[in-house]
Amino acid sequence: MIALKWLLIILGIGLFGSAGALVIYDVYVSSQLRLLRRSSEEAAGGASAGATIFLSSGPFWPLRWQRALQLARQLRM
């Protein structure tokens, strides 16, 4: 029983850690894409007004809050 208890505790800590890592990774990728967009806009600054920039101005990478919550809630089950 003690081994099962420790196994479940370690599993719960792992699930919370993976949920946090998922959110941190999404924030990191989003910030990298913002830097990429900013550098591409600076490079296209001398281009004509009709030039198309293929990176949108909206949010790049939606944070997966629902997936992180699902991972965190696995401890409750």
Side-chain angles (χ1 to χ4, degrees):
M1 287 302 274
I2 292 176
L4 178 64
K5 174 186 172 185
W6 282 105
L7 177 70
L8 291 174
I9 288 173
I10 291 170
L11 181 65
I13 291 170
L15 287 171
F16 276 118
S18 63
L22 183 71
V23 171
I24 290 170
Y25 176 73
D26 284 345
V27 168
Y28 170 75
V29 168
S30 179
S31 68
Q32 292 299 312
L33 287 172
R34 287 185 200 284
L35 289 174
L36 178 66
R37 183 189 71 189
R38 188 174 299 141
S39 66
S40 68
E41 286 175 351
E42 288 173 0
S48 65
T52 303
I53 296 176
F54 291 103
L55 297 173
S56 67
S57 60
F60 289 107
W61 193 276
L63 293 179
R64 294 176 279 190
W65 291 109
Q66 293 298 324
R67 178 69 65 182
L69 285 174
Q70 287 174 351
L71 287 171
R73 288 182 182 165
Q74 289 295 323
L75 183 63
R76 298 178 84 185
M77 294 184 166

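Keep in mind it's a predicted model, so treat the numbers as computed, not measured.
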Nearest-0.5 Å distance that lies between atom CG in Leu4 and atom CD1 in Ile9 = 10.0 Å

inquiry  = Closer than 3.5 angstrom, by distance alone: can the side chain of Ser18 be matched with the main-chain N or O of Gly14 as a donor-acceptor pair?
reply    = yes

task = Tell me whether Phe16 is reachable from Ile10 by hopping between hydrophobic residues (I, L, V, M, F, W, Y) whose side-chain heavy atoms are closer than 4.5 Å.
result = no

ask   = Is there a path of hydrophobic side-chain contacts, each under 4.5 Å between heavy atoms of I, L, V, M, F, W or Y residues, that connects Leu11 with Met1?
value = no

